Novice: 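Encoded as structure tokens, here's the structure I'll be asking about.
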Amino acid sequence: MSYQNKDNMRLAKKIGEWIDRDKVIKFSFEGEDYTGYEGDTITSALWANGVKVLGRSFKYHRARGVLSLANHDVNILVTDGVDTNIRADVVTLQSGMTLKVVNTEGGVVNDKKKIIDSISALLPVGFYYKAFHSPAVLFPFWEKFIRKAAGLGVVNFNYPRITQRKLNAYCDVLVIGAGPSGLSAALMAASNGLEVILVDENQQLGGSLVYDRAGGNAAKEMLDELSVKMAETPNIKVYTGSYAAGYYADHMVPIVTAKGITKVRAKTVIAATGAFEQPPVFRHNDLPGVMLGSAAQRLIYRYGVKPFNTCVVVTANAHGYRVALDLLNAGCTVVALVDMRAEADRDQYVGELARKGVKIYSSYCVYEALPSKSKLGVRGVTICPFDEKNGTSNTANSITLDCDGIAMSAGWAPAAALLYQSGMGVRFDNDIQQFVPNSLPNGIFAAGKVNGVYNIKQRGLDGMRAAAAALQYLGKSVETINVDHHQGASPSHFYPIVMHPKGKNFVDFDEDIAVKDFINAAQEGFDNIELMKRFTTVGMGPSQGKHSNMNAIRILAKIRNLPVEKIGTTTARPFFHPTPFGHLGGRSFHAHRLTTIHMWHKAANAVFVDVGAWSRPAYYQKSGLSRIETLQQEAIAVRQSVGIIDGGTLGKIEVCGPDAGLFLERFYTGKYIDQKVGTTRYALMLDESGVIVDDGIASRLAEQLFYLTVSTSNAAAVYREMQRWLQIWQLNVGLVNVTGAYGLINIAGPKSRDVLAKLVDIELSEANFPIGSALETQILGFSARIIRVGFVANLAYEIHMPSAQALNAWKALMQSGVKEGIRPFGTDTQRLLRLELGHHMPGYDTDGLTIPYEVGAEHALAMDKPFFVGQRSLQIIAKKPRNKILVSFVLPLDYSSEMPQDCNLVIDDGVIKGRVTSVSYSPAAKCVIGLAYVHPTQNQLGATFEIRTDNGSLAKATIVKTPFFNAE
Amino acid sequence: MSTINQRPVSNTPIAYGLMSLSPTMGVINGMEVALEFEGALIEGNRKSILGVTDVSCFASFGIKGTEAASWLMSQSIQIPMNRNTWVEHEGYLVLRLGGSEFLIEGQYSEDQYSHEIFEKLARFNQATVAGVYKVQRADAAFILSGSEVLNMLSELCMLDLRDSALASNTLVMTQLASISAILLRHQLNGEQVYRVWCDGTYGAYMWNMLLEVARELGGGAVGLASHFRGTHK
Amino acid sequence: MKLLNCPMNGLRPLGEFIYGGEYREMPNPNNSSDLEWASYVHYRDNAPGVKKEWWFHSPSGTWFIAERNTLSDEVLNTYLFGKAPFPKNENLSDGKLGDEKNTELSA
Amino acid sequence: MAYQLLKFALGGEYKEPRFFRDCQTPKKSYDAIIIGGGGHGLAAAYYLAKDHGITNVAVLERGYIGGGNTGRNTAIVRSNYLTPDGVNFYDASVKLFQGLSTELDINLFYTNRGHFTLAHSESAMRTMRWRAEVNKHVGVKSEVVGTDEISKACPQLDISCSGKSPILGALYHEPGSIARHDAVAWGYARAADSMGVEIFQNTEVQSIDVKNDQVQGVQTNRGYIATGKVLSAVAGFTPRITKMVNLKTPIVIQPLQACVTEPMKPWLDTILVSGSLHVYVSQSSRGELVMGSALDPYEVHHTKSTFDFVEGLTSHIADMFPFLSNVKVVRQWAGMADVTPDFAPLMGITPIKGFYLDAGWGTWGFKATPISGKTMAHTLAHDKAHDLIHSFRLSRFDEYELTGEKGAASVGH
């Protein structure tokens, strides 16, 4: 059954229309085929086909048609099967679209959920706070129903990942809005040599000049004139079909286009954003066929579509008269113009309308729109005398008129979201019944309707005034331009609200909120605009209150008997229009760092792990072996022969100059001034509260050159802190971060000396190069630094070389160690190896509160120094009792129950005493070994404590000395 | 004990990023780099639209410290007088990074390569000059060429890098594709190009990001041979 | 993104910077009480107003001081540590920033 | 239930009374004054009246009730903290929340969804185990789960996160829930009001009168009010209040931002948090995805939104849910958080007699609303900190006794 009457509503070609009638587009909607033209929106094409029921409301599932045709018809959301929540009023029609309305059950015409509308009296605003929760056990049951009703479109889980480009752009003046004031502002600024960006959300320039014509040509002529000038002005970059999504600090405005986002950094911003037409509120003002006057005009002049056959215009301003003339011009029968005002100065259009046979009812209101039998459209209106002062309707004298549609023009709300976000202060201008800018931040200007200027000539002038002000702000000398204050009747009515005992007089179409809902909310104490918003949800729907907030404020003002300005406005948050993830996220930058040996690791089947931005081999996978088995094999190679690990990710910092030793003594806990050239010392870094931050090795390579290695993940932060303290201490020191410039290879194990010896010209014997030695030499013909270290094995060397040569050095060492069975190992194995030696690792065995006393690092604290970072706090902490200490433990040799894991807890008599920080089976010690925090009273060699494993069983651990195995 | 004194050919920091492209490699200045990817015709076209070229093989020398400027002058090296500016002189660029740090980079030219200066610089001994410290460098260095360079940079960098905003001898230390980089505008063979340096360990990442965007905009990888006719296998 | 003026590199987007916290004068560790020291370490001048703060320009490695109104997020002034209005130490610096030679270059 | 609905249809006249009185003129003095009409302040007022019979109480709210962080958070309730003190405290809060709709006779839409803290690295997995072990120890349901269990609960999640930071596992916290945040404030306001507490909106405290280290009263835009007890429950504004009494704290104010999408049919049943990607997300009963991120990186005392927040957040969420590319973000907003160095609140008595702190709530204040109200009411009534909040005392910073939550600080919420 076809419900829609399917009249052909397409008009003869209109001058300046946006559609191309040579290009016919086929599409379907709710299972039926239609055609439109290129340039149509989905809504305009449907309306041209006589389709009026375009969607269903969110809460009551009431039939809805065109409201604004300006990107706030959020009851008209469709899906094409791929994408959802498509806004039909503005999305351009594409060939082959197969469209369905979202959130219906059984189609938009027969939506079964419309039943909710008939029980709406049961569901006043806020009802859900008062229902379902008692008894509590039943709430999950009710919640299922509530959750099912929630939401609009169904998300397509197969929708592709799209990352749009995000660009940066710069200009002297960003003009937002390309209506008469925006165009004038842009032209004026550009003609004075400024770089201008002009943005408008519509597909073409002109704003209301395109469609608000009062049946004549003056607006079109003005637009043509401005368009010619635009074409002649090269220094204006125009973005149409694009919106300014928000205002952010220091004049950054993201412009959202179909293809991505351009983040504009402007020196000045002119908001010529216009105003949203506001609906008068009367019963059934939401029926398909009831639309804003400007929506009717848009249909006519942009798309060549007749809004109605026979209609009534209800108005409270001059704009309604212009709309009526445009409707007549489009061939509509205008049965009546209903003017809610008592004694507005009757404007120039009255005579013209009368001549054309339109009956004007002054001091009348539309009391209600009469739904057609199906409730899917309008069959007429009831109008009656209206006392605008009291807002009362004289229903005794009502008149019923037949019509198939109503055009509404009662006033405007400024599209001031970006101005609010910039920090604008407002005042309420009673002459125009609108909030207007009272104070604007530096470099921000407003022009046109958003600035309270409605006269068409003055709007252009106001754009020029704003441009002149922007020019002056940028230091150009131009004459100040003055604009007249608004003359005549207000463009907005002070209270376009018509009460009706049966309600359904909607204020917010997104959320189906009617006048009574506000009254009830206020009665319950939600009589602050923000509380009212939260309780009623007015303005919280996808259109973000563009057509509802102003009426809500007026209603609340009336309820509280306060002037509108005392009510204030709700906060205007970004975004101006909802903005897709793919646009906002853009291309993702996932920066990562690789050492030059990376490709070798990759070829050797390394399994990588991320350490900060770095990618490091955790171990090298061998086929047929588990991770644990692989780790153990790599560890055994180190213990029995020789292993090699890429340490290029470690932080490497040169501390140079006469005060280098002094600097280190202040920065680290140890002593360095008396350190001998050619030796290394442990470097423990604390923060000012005495907590361990990092540790590393300081090698003194020359009298005035210390070479610091610090941990991979802290490298950048440690260098940064060094730079800061150096500024504060003003020592004669140079700092050079060579983390990326130097490669680092660590070879370890009893055979490491033999392997290295083949490549260097120095004596590596124990006597000549014992642990703690460091020197500069040559390897493969380039200079290298060799440090004898002991972190993973008693015999081990770090070789530091220019990173471009690291791969060569690695290959040479691998070659040199073939006979010894040299084996690469990764970070997971390294953790096991250092554990076997009993070394703790900052960040692994410590946390954000660990102090040196808790890990037995007293030996590293030169408390007798005059100063080091953290020293004074340690003096305080030293007086306090400890509550934990890191100990080394083993499990019995025959332990075979649940294996403890890192972070299992140490439990004593049901109380948490500490936790395991590192635990592993050690092939060298041939038992499970680990480090754990225990209570200091538990800390005795040979004492036992209990670890609770994942399955709840307790493992008995014994405190032992380290290293865990006989390392000699 | 044996010593190998034959200095081996080094690897460009972006070597890992080149693996999947299999370019024709060659050794320049002791470093193995990509000379050609798809041939002169295709790369010549790319170069004019948006070419990305790895020039990490250019000799470089870094130095910093309160006396760095005067020491360089004492070595007869012309230096830029203002911070964050650069000069080009007899085949090498001198970048003044901030106030007291310098990066000197040799430029490739067809016939002669200015080794001399780098040999001289290589003899610098920190222990003998007060207030001057060597900065070991291992940058990934790139040339970005073609008509779409600014389009690419407007996505990867937040700064205004147009001619009107970036003075011709100014360099910027900023972020490119979210990592720290040095950037300047330069003339090469009579064409305007942009130069980029970043930490070599980010080189493969940077190379891949630059290529990803360049390809979308109709450009791509360009070998050294397209810029410097004298470079060949 | 907000802009911040690095004294060495000019106006840059905030993403290039790392916040280093409030600038605080360290009390003399030798003659401050435990409570005074704990207060220095832990407590902050945290009511809104104009504060001196540490900021770090990451791409160039520049620490500097910003005077910022933490209520409006407006930056009033930025300068290298040791430059006005701090008492100047004529001695030495790290050779990167803040030395006299560098300042002369800031044309 | 039927009656609750039907009463709206019957009679025609809307009979619902005010939630709380429209108080305009304060009395000369009160037994206690609570600064801040958010969830915490109103809850404290309610429990003062209910548990301790102290009803001569005024709540002074600068704006409107619930207008601060109560109305700006992402409404997550959980108790999977790291320290036993933290877990016990928040667990007590969860338990109060579970019965709160009934107790306050308002549907708070408290809905149990389960809470996954995703781990993308081995070190994150270790922290998850640590939290799970502590939680289990004190009887809170948390466990480390693998990717299979995550996928089962949320099949739409791309476990590889678009190949960028694959998920290895998660801490699953069964009691994790969401609630309708505004309603919590309204419910407490109504209940407190009904027992005699007076709630003053648009009432700003301009100074606090302290003599001999004892609170005497407060000066407001509605005049001077005498009292011996003042509770500051103004997270986000705490430094402005503590400055009035010259009290030093370690709090730093940092904005916390959030955003919502347009409504879509519910598909995300759980609450997901990723510390590595700095995001958390759940789907509200309206069908919107409610999303948040880490704190803004520096101190600022305003609630302006930044674009970089939403750029980073959407990029990361799209890594987790690639199909959201064309789903739209409707609105973003910000709140101001009291951030402490050890990621635990500041509660209890202070060196100024009669001045009590309920502060330092960082990003986790909403979930503590009932228990903070209850324990602070106890603290005011007895002039001695409730046992549950002993570790949150201000003096811990003088004593170098920071809480262990700092140990594994990451995005929580």
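Letters A, B, ... are given to chains in the order of the sequence lines, protein chains preceding strands, and every chain is numbered from 1. Nothing here was measured: the structure is a model prediction, and the numbers come from that model.
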Novice: Is B:Val172 close to chain C through its backbone or its side chain, or both, or neither, when contacts mean heavy atoms under 4.5 Å?
Specialist: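 Both the backbone and the side chain of B:Val172 come within 4.5 Å of chain C.
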Novice: State, to 0.1 Å, how close C:Pro13 and B:Leu159 come at their nearest heavy-atom pair, and which atoms those are.
Specialist: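 Closest pair (atom of C:Pro13, atom of B:Leu159, distance): CD-CD2, 3.7 Å.
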Novice: Would you confirm whether C:Asn9, through its side chain, and B:Met173, through its main-chain N or O, come within 3.5 Å as a donor-acceptor pair?
Specialist: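 No.
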Novice: For B:Gln78, is the CD atom crowded, meaning more than 12 foreign heavy atoms sit under 6.0 Å from it?
Specialist: no
Novice: Please report the interatomic distance OG(B:Ser178) to CD(C:Glu16), rounded to the nearest 0.5 Å.
Specialist: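 Between B:Ser178 OG and C:Glu16 CD, I get 11.5 Å after rounding to 0.5 Å.
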Novice: Could you give the distance from CE (C:Met8) to CG (B:Leu97), rounded to the nearest 0.5 Å?
Specialist: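 Answer for the CE-CG pair, C:Met8 versus B:Leu97, is 10.5 Å.
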Novice: How far apart are the C-alpha atoms of B:Gln175 and C:Ser58, what are their side-chain angles, what is the distance that settles it, and do they pass the side chain to side chain donor-acceptor pair (under 3.5 Å) test?
Specialist: CA-CA 9 Å; B:Gln175 283 178 338; C:Ser58 217; 5.0 Å; no
